Q: 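Pasting a structure below so you can have a look.
Just so you know, these numbers use all the heavy atoms, side chains as well, and skip hydrogens, waters and symmetry mates. Remember, it's a predicted structure, so these values are computed and weren't measured experimentally. Per chain, numbering begins at 1; letters A, B, ... match sequence-line order.
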Protein chains: 2
Amino acid sequence: MADEPWEPPRILLAVDLVILTLRDDRLHVLLVERGIEPYQGTFALPGGFLRDEHEAIDAAARRELAEEAGLADVHLEMLGVYGEPGRDPRGRVVSVAYLAVAPRLPEPVAGTDAADAHWIPVDEVLSGRLELAFDHRRIVEDGVERARAKLEHTALATAFCGETFTIAELQRVYEAVWGVRIDPRNFYRKVKSTRGFVVPAGPMRRNANGRPARLYRAGPVRVLYPPMVRAGQAEEGQRS
Amino acid sequence: MADEPWEPPRILLAVDLVILTLRDDRLHVLLVERGIEPYQGTFALPGGFLRDEHEAIDAAARRELAEEAGLADVHLEMLGVYGEPGRDPRGRVVSVAYLAVAPRLPEPVAGTDAADAHWIPVDEVLSGRLELAFDHRRIVEDGVERARAKLEHTALATAFCGETFTIAELQRVYEAVWGVRIDPRNFYRKVKSTRGFVVPAGPMRRNANGRPARLYRAGPVRVLYPPMVRAGQAEEGQRS
DNA sequence: CCAATAGTGTCTATCAGACAATATCCC
DNA sequence: GGGATATTGTCTGATAGACACTATTGG
């Protein structure tokens, strides 16, 4: 009510990255072992503060993605804001979390700034077997849940695959992220009947065993219609 | 590369609110006419800076909701972060946007701190007929889109209704937010077959004309299964 | 009775899920 | 051929959308 010259508080802004990929048909997240306090020696999400006053937030996210993971040109979207007072012992830090989805990578991130980066199965984090710094476990949970949800009605699954991929590879993405088994024949028909999801690309891919598979690349469509429904959420016992 | 004592930049953190409601079967958003520069006299979203270093971000959102709209106990969820350098001429301001959904209100927000608040049809904003301050038009677009999407697979629609409501009222929510017409008979069957969406409440509601309607209240379920699908996104001309 | 809104029943094209059958590779 | 994977086809139960019909009010 008074007219004192009030000044709004200034806070520190950070970005944190939930980078997901598939390795061995399991969903993994990129974590770095912290080299400094606080939480020294603990695993944490890659990230960092804004470089300066004029850096855009998503530019900072892309910069960290390159610096800490050596990645560029991957799917990147904002996940949310995590700014509880007390989440960082160094002071009031508000973190903007991003979700990144990368295709299978050649190797566990070598030769980058952060040689302490490791791909960790998300189960290790979600189950609580692996402790993370700050509120990063919560952020990983939110990121995985976002990925699961977006698989249903967007073409996000193609971001887990390389430039070209087979329908079976796409299916393994859904199976790994959702943690379910899918009938390959129905999946095949479903994907191909969702127009714009995938488009034919080039020749075949030979397998160790079995018939070669056609290759596809991501189609023009971002929103899937009809969506890829994740079954089994219905409570049992529907009766008339 | 040098080891200068680098200090991360400190920025100003604001919250902005996209408050939606239904009036006259049309979707409206709450806007305030700015009393000070910049953008004096222009409509803007209600919002403001963090009060102090220790205020949680969602607490700030609830505070602004009360101060500027006189609202409490409404649906509130984070929408996103808007922090482009240059979006605010006063300096580097990062804004956390929230989406709020309120039931039909008694009157156009009277007696509150911000008597300059008005309910504006979202069409006025989305069509560009009404100019908004900062990047607030973009934020409104994102908020409306979020609401449209969440109507499909969550019980968000009930947040537009009062404590109790009829199926027809719920239908008008879907029609107004999606901008479509829905067959009342199919809608009725759909809502009642989605278990946990609504539960019977109390007696009937008499209408000016016609048979009285049963009253319902929001059910325990937040995620709808099966979802309320928004039809017509399919490209026409499905051919085998 | 009439107008208007609430609620139920029915029909049909479509679709998801189960699963048989065929195709094409490597050995 | 045999093992393995890819792709197509078929069947069936559930469902969305169209729409006829009944129910219950006020006037």
Side-chain angles (χ1 to χ4, degrees), chain A residues 25 151-153 161 164-172 174-175 178 180-195 197-216 224-240, chain B residues 25 151-153 161 164-172 174-175 178 180-195 197-216 224-240:
Chain A
D25 292 343
L151 243 48
E152 286 198 84
H153 48 268
C161 300
T164 63
F165 49 87
T166 69
I167 303 284
E169 283 173 344
L170 196 64
Q171 176 183 342
R172 283 194 281 274
Y174 278 89
E175 290 183 329
W178 283 351
V180 299
R181 300 282 289 174
I182 302 175
D183 183 297
R185 299 161 294 187
N186 292 334
F187 183 83
Y188 198 96
R189 182 162 34 84
K190 188 76 203 301
V191 168
K192 294 198 45 176
S193 70
T194 300
R195 306 220 282 186
F197 191 4
V198 299
V199 296
M204 300 277 169
R205 168 168 303 169
R206 355 257 326 165
N207 292 314
N209 295 357
R211 175 176 174 176
R214 291 182 219 161
L215 285 174
Y216 295 86
L224 301 183
Y225 190 87
M228 307 287 295
V229 280
R230 195 168 12 162
Q233 300 180 16
E235 306 300 295
E236 286 304 326
Q238 295 277 47
R239 202 76 37 200
S240 107
Chain B
D25 293 343
L151 244 48
E152 286 198 84
H153 47 269
C161 301
T164 63
F165 49 86
T166 69
I167 303 285
E169 283 173 344
L170 196 62
Q171 177 183 341
R172 282 194 282 273
Y174 278 89
E175 290 183 329
W178 283 351
V180 299
R181 300 281 289 174
I182 303 175
D183 183 296
R185 300 160 294 188
N186 292 334
F187 184 82
Y188 198 98
R189 181 162 36 82
K190 189 75 205 301
V191 168
K192 294 199 44 176
S193 72
T194 299
R195 306 220 282 184
F197 191 4
V198 299
V199 296
M204 300 277 168
R205 168 170 303 171
R206 352 245 344 156
N207 292 312
N209 294 359
R211 174 176 174 173
R214 291 181 218 163
L215 284 174
Y216 295 86
L224 301 184
Y225 191 87
M228 307 286 296
V229 280
R230 192 168 16 162
Q233 299 180 18
E235 306 301 297
E236 285 305 326
Q238 297 275 47
R239 203 73 39 199
S240 109

Q: Can you tell me the distance, in whole Å, between the CE atom of B/Met228 and the P atom of D/dT15?
A: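 Distance, rounded to whole Å: 14 Å.
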Q: Taking atom C1' of D/dA6 as reference, at what distance in whole Å does atom CZ of A/Arg172 sit?
A: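 So the two atoms are 12 Å apart, to the nearest Å.
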Q: B/Arg185 has an atom CZ; how far is it from atom C1' of C/dA4, in whole Å?
A: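 Rounded to the whole Å, the gap is 14 Å.
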Q: Measure from CZ on B/Arg211 to P on D/dT24 and round the result to the nearest Å.
A: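 These atoms are roughly 5 Å apart.
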Q: Ignoring hydrogens and geometry, is there a side-chain-to-backbone donor-acceptor pair from B/Tyr174 to B/Leu151 under 3.5 Å?
A: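 Between the backbone of B/Leu151 and the side chain of B/Tyr174 there is a qualifying donor-acceptor contact (under 3.5 Å).
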Q: Whole angstrom is fine here: how far is it from CG in B/Leu170 over to P in C/dA6?
A: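 So the two atoms are 13 Å apart, to the nearest Å.
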Q: Select from A/Asn186 and A/Pro212 the residue whose nearest nucleotide in DNA chain C is closer to the 5' end of that strand.
A: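 Of the two residues, A/Asn186 wins.
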Q: How long is the straight-line distance from CD of A/Gln171 back to OG1 of A/Thr166, given to the nearest 0.5 Å?
A: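 With rounding to 0.5 Å, OG1 (A/Thr166) is 9.0 Å from CD (A/Gln171).
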Q: Quick one: does any side-chain atom of B/Lys190 pair with a main-chain N or O of B/Pro227 as donor and acceptor, under 3.5 Å?
A: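 Yes.
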Q: Starting from C1' on D/dT25, measure out to CE on B/Met204 and report it in whole angstrom.
A: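 Taking CE of B/Met204 and C1' of D/dT25, I get 11 Å after rounding.
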Q: Return no unless some side-chain N or O of A/Arg189 is found under 4.0 Å from OP1 or OP2 of D/dT7.
A: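 So the side-chain polar atoms of A/Arg189 never come under 4.0 Å of the phosphate oxygens OP1 or OP2 of D/dT7.
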Q: Given that A/Asn209 and A/Lys190 both sit by DNA chain C, which one's nearest nucleotide is further toward the 5' end?
A: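 So the residue in question is A/Lys190.
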Q: Between B/Arg214 and C/dT8, is there a contact of a side-chain N or O with OP1 or OP2 at under 4.0 Å?
A: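 Yes, because at least one side-chain N or O of B/Arg214 sits under 4.0 Å from OP1 or OP2 of C/dT8.
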Q: Could you state the OH-P distance from B/Tyr225 to D/dA16, rounded to the nearest angstrom?
A: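 Taking atom P of D/dA16 as the reference, OH of B/Tyr225 is at 10 Å.
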Q: Find the distance A/Asp183:CG to C/dA16:C1' and express it as a whole number of Å.
A: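 Checked: the CG to C1' distance equals 11 Å.
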Q: Nearest 0.5 Å, what's the CE-OG1 distance between B/Met228 and B/Thr194?
A: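 OG1 of B/Thr194 is found 6.0 Å from CE of B/Met228.
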Q: On DNA chain D, does the nearest nucleotide to B/Pro227 precede the nearest nucleotide to B/Ala208 from the 5' side, or the other way round? Give the residue.
A: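 Result: B/Pro227.
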